[in-house]
Each structure stands twice: as C-alpha cells, then as structure tokens.
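Every chain is numbered from 1, with letters handed out A, B, ... down the list of sequences.
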Amino acid sequence: MTVDTTTKPPSRHLVFVGLGALAVLIVMTLLGLAIQRTLPEPYPEIHEQSLPIRIARARDVMIDRNQYTTSSRIWWVERRNQRSGSLYYVTVGNDATPTPVHYMNFVTPGDWDSLKFDVVVWPPERDPVLMVMEQRKRNLIVTPVRAGGRPMRPLVAKIPEPAESATRDLIFAPYDGTRPDLFAIDRGLDYRRVQMIILKGDRNLQRQTYVLQLPFRGLGPDSWSVDVADVGHRYTSSTFFSRSSLVLIRHETELEHTIVETMPGSNGFRGFASTRAIDAPGDLGPRNYFGVGQLDSANGLFRIDLSDRQDPRVFVYQLSGTVGVR
Amino acid sequence: MRVGLLSLNRSILSPIIAFPALWLLAAGAALIPVLNQQSNWRPMMVAVVVSVPIAFIAGGLIGQAITLAVASPDRPRVASPPGDRASRVLILGLMAIGLAEMIHQFVRIGGIPLLSGSTDELRFSIGGPSIILTNLLTVAALIAFVKPKRLFAREARFELIAGLISVGSFALLAGRGSVVLPIVVAVFSRWLLWGRPSFYLIGASVVFVLIALSLGFFVRLAQDPEATFQGELYWEILPKFPFFLLPLIPLYIAVTTNFIALAGVVGHFPTIEPFAGGKYNLIGLDLFFPGAESIADLSAGLTPPWVTSTIAGALWADGGFAAVVIGVAVAGGLSAAAFAASRRIRSLRWSLVAGYLLFHSLFGVYTNLWTQQVDWLMVTPLLYILGSYVEKGLPWQRAERLMQKSS
C-alpha cells in the first residue's frame, strides 16, 4: 500500500494526462459521429396526397406496378350489388385531390365474400386487366376481366383452400416469364410456417414454379401487410433478374415506426436483404393498405389510409437510399 | 511517498486495468462461434466494442488525475475496533429498517419468493418507491464485512453474523445479483483497505463462484426444458465439448450472449428506429420519467432470449456513438477516481466506495448498472457518510470526546 503523506502541488504530468485523455474522448466522439452519419435512417415520406372520398367505400384497394405511366395508379373495387361491381382508379401525382376514373363495371363469378382482386398487365392484353379470384375447396378460379368488363376464359389454379384461420394473399407480380406470376401466401398461424406458392403466369397458372416454407411463423394480418414487387435487389451479375421480392410490412402498436423487410426473389427468397423503418408510426389502426408502386419512375412504398372516411389519404415513402456501415 | 498514476494502476483492482481486461476477454470469447445466434459483427458493432475500453480508460485517467490533483493527502485512517458499540448500533439500525422494508415487500406480494412455488411471479411483483430502503441492508452488510481487520476473529462475530443476515435476506428474494453484490464488493473493499487476501482464498472464491454459476445455470435451464435454447444447448452445443469443459459453458454463455444482444441493439438503432434520446437510460428513474423503457424489453424482441446488452446497449440506443463514449467515460471516471482516492487516503469510507463502484464497472460486461439500476446514487453517498462515521466516531461520540477534552 502506497500512501501519500506530503502536500505537494499537482504535478504537470497529471495535467498532461488529463488533457490527453480528454482529447482522446473528443476525437473518438467526433470520429464516431462521422461514422454514424453513414448509417441508414428510416425511409422518409416523400409524398402525401388527398384521395377522393369515394375510395372509402372500397371493397378492395390495389396499387399497380405498371410500366405504362411514370406514377402508379391506385385502383379500387366497389360493390354495386350481389353479382356485380365497379373498378375505379386515380393516378398519384401533383393534383391536390385527383378525380376518380371509372374503368369498368364487371360481373362477379361468385359470392363477394370469397373474392379477391388484383389489377395487372396480362399480355397480350395492352390495357390493365382485373383479376377476379374465387377460392374454392380444391381450386382457385381466376377470371381475367378486360377493360370494358368483358371476362376472359377463367384460369384454374390447383391450390386448395388454406388451413382454417389462415389468411391467404393473392398477388400478381413478375417473377419468371412474360406474364406476371401469381403468388399465393398463406400466413397468420402461430403453429405453422408461412407458405408461399408461385404459379406460373405463362402457363395459365397451371404449373407451380415454387413452393416455399418461409423461415418464420405468424405474420397475422392485424400487424403485418404483405406485397410482392420488384424493389431492385440485385446481388451479383449471375443473379441479375427482374424478379419480384417479398415485402413484409410490420405495423404494431408498440412500434414507434412501421418496419419494412424485404426477401429478394433474385436470391430465391433466402434471408432478408434489408430491414428498415419508414417514417410512419407503428400504430396505424385498421384500413391502412400497403403496396409498392412508382412515383415519378422511382419505387416507393404506398400507404393508403382509409381510417378517416372523410379524409382518405395516400402517403409515399422512399424505398431506396445509401446503405452505409451497419 | 507520492502516489503516481503509474504506480496507482499497477493494481489489478484499478478499474482502468480490470474493466478493459475483462471486456477484451469477454469480447474475444464472443468471437468464438458456439451458439447458432452468433454471427459476424458488422463494422459498426466492431467500432462500438473497440471504443468502450478506450473511452473507459480515457475517462478513468481523467478521474484519477483530478483526484490526485485535488484530494488532500491524509494520514491512514481505519475503522474503529470491531467492538465499537456505536458502529454496531448503526449496523443494527440499518438492518432494522432494511428488514422492515423486506417484510413489507413480502406482505405486499403475499409470499416469500424463495420459499414459494411461483418464485419468478413473486420476484417480479416486488417494487414500489419504498423498495429503495432495502439498500440499507447492502450498506449494513458492507460496513459489517469490511470494518473488522480479521473478519473471522472472535471479536468480529457480531459483524460477520450481521453481514450474513443482511445478505441472507436478499436470498429470500431469490435474486442472484443482490446476493452476489455485497460479497464481491466486500472482497474488493477489504482488499483495498486491508491488503490482498491470500491466493488460496482468492482461488477458492473463484472455484466457488464458478461452481455456483454453473450449477445455477443448469438448474435454471431444467425448470423449462422445452425452450428452444435448451434444445440447442443439450443436442448441439454440449456434445461438442469434452466433459471437463462443461462447467465453463455457463460462464461462456453468460459473457458472450451479452454481445449478441448488443449487436442486436446496434443493428436496430438508428436503422429501424431513431435513437431514443434518453428513454432507455432513464429507466432507473422511471418513477419520475413514466416514458422510460427497459432496453431488456427491446432486446427480448430482437435477440431472444438474450436481453442484457452490456454497458453499451442502453447508451447506444439513446444516442449512438456520442452517448457510448461519454457514458462509458463518465463511468470510468467515477470508478477510477474513487479507486485513486482509496489509494491516496487509506480509509474505510473510500475503500467501500471504490469497491462498490468497481463492481458496477465490471458488471458493464453484463449490463449497465449505472443507468438501469440507480441504487448506486443512494448507496455510494451512504457508504461514504456512514463509513466516515464509523472511522471517526458517530457525531454524539465526537461531541462526548470534545467535552472530555475541554473538561
């Protein structure tokens, strides 16, 4: 034990040591802050727009990922009566509140409760086609309806009903071929992994390209939304395909922000390519629809908020950015 | 003889030696892949892990330099003899208040956690503002354990029993940390005040702690054998190792999983959520800041079941690099300053404070006791003030002495 029993003034080397250590701390903090600036932050909101009040009546809302306009259209289906409905759209852009365009009236092939919809470009048709999908016990019947409301020959996909209590998303998106493929995603069960089946569009949905058990369970519709879209994940030159990725959007009450996770199709949906927040709250409430679309030719995540029936709105979040040191 | 920075830090008890050494050892162990959840650290995680010991040393040097520059050298001052009545009354008084609060907690939750069938349920029901009074048991135990020069001597029997009762009452709460803290701090403080214990005692203590940790770990796992981690451990990890290394696996897991949780937190902020700006470091004062949240709750969702993310986890979540560097430097500064004071002024009070803060620093490999449990804000001043009283005599004793002198 060494004990000081003198009362000498503090030596100069103590001052040097103290100041030197302080300088180290300052340099470390500045360096750290500089590195930290390269970290990705939540995707910012880049556009907000009012939508016509009419969209609040929608039975289903869709965002197209088309190649024929620089900005996506928001489509919605309204129920007219037991056997027919109407399809409307607006184009997201600079208008304060865009005017809705009536695209077609159509006849439904079955009961409204069993129907799902999507809008796609379905070659050789040039105009967007409404896909009316009816799940039956053993098959999924898909009826493409042309502009003007003329139905085409129904396509029969051999996928049976999902398990009881499961939610099935049916989304058309490009994966392999000239026509978009149909992605059937079964989710929302705590005891079963999420399943994704890809049905080949070029073969009129008669052939399954992919059947995949994703490495997680759950994904209940109350706190998760799902989309399939090309969000530009390209890993190497050998895997360069314009293949759609699985986009998972998590919006839970306890989250400060909504979170977007993508599993790239170009990589066979193996693992997550990115996990980022968007500049939207986690607690969004019901009647918020998500989808990837385009705004001025750039990819964006669209959020269509119909929670306020008198003031429906669309928000667009940037979906790209510099990824720095993580 | 003058105490220089160099001679000061030749001791293994110097925080700026002990903490960085332990940190680097733990970080090195965390790089050995054993668990499925371990993955390569991203560059930012590496930067955080490297910056922590550097910031700690820098802060510690500043703390020591200030202490050596301003603290008046003092004659060695040790505690009054074990038989001193006033200090025993003080210890009894602290114990009485602490035990009364302990009984209050047991009545409040309707049982004694250690003796109950639903231990965890009762343990986590404990709380309320008056819980801070149980800190008096920690203070009583530390004064009792550190004050006598020979703890196991006949004349120190009162202090030994009082200390054991205080620590034993914490055992009734079924918490490990509150039992380990007074024992480890007492070892540090006695080392600082009375000199290094024998190597036999140190070796025996290390073996005892290792056995207790290992047994406790496996007993706790056996309570929930169906959990995912248990499956990984019993079927994948343990069969890979020779049997004589198995007791070290709990130690390895206890250390490395904190870095898994830290990597989760570093990856989460600010990419998924923006930095929280204080929310996670104010949890120790959540009575006054209702919006405060526990970083462990966040980690439970990010890297389950691992929830403790070292000293750096909560700091990173709140402010990134700046918060980590400044926060760790402040911790290093406080701890090293107390250590320097204990070496410069050999006294019970500074030995108690230095031992207590050294424990908090070393615990930084596990979690951030400085902000997650702010008991130290109460215990440290109490150790200093009551330690002074025990050294110099209580106020009424000093008054009596003065009166005797004047007469």
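- More than 12 heavy atoms of other residues, nucleotides or ligands sit less than 6.0 Å from atom CZ of B:R196.
- Within 6.0 Å of CZ in A:F216 there are more than 12 heavy atoms belonging to other residues, nucleotides or ligands.
- For CZ of A:R287, the number of neighbouring non-hydrogen atoms (other residues, nucleotides, ligands) closer than 6.0 Å is greater than 12.
- A search for side chain to side chain donor-acceptor pair (under 3.5 Å) contacts involving A:T258 returns nothing, not counting sequence neighbours.
- Listed here is the closest heavy atom pair of B:F321 and A:M28: CD2-O, 4.4 Å.
- Contacts between A:I259 and chain B at a heavy-atom distance below 4.5 Å involve the side chain alone, from C-beta outward.
- Heavy-atom minimum distance, A:A21 versus B:A58: CB-O, 3.3 Å.
- Among the candidates A:G32, A:G18, A:A23, A:G20, the residue making the largest number of heavy-atom pairs closer than 4.5 Å to chain B is A:G32.
- Each of B:G59, B:S11, B:A47, B:S51 has some count of heavy-atom pairs under 4.5 Å with chain A, and the biggest count is that of B:S51.
- Contact annotation for B:F56: neither backbone nor side-chain heavy atoms come within less than 4.5 Å of a heavy atom of chain A.
- A side chain to side chain contact (heavy atoms under 4.5 Å, CB included) with B:I62 is found for exactly one of A:L19, A:L25, A:V24, A:V17, namely A:L25.
- In this structure, A:R313 places its CZ atom where more than 12 heavy-atom neighbours from other residues, nucleotides or ligands lie under 6.0 Å away.
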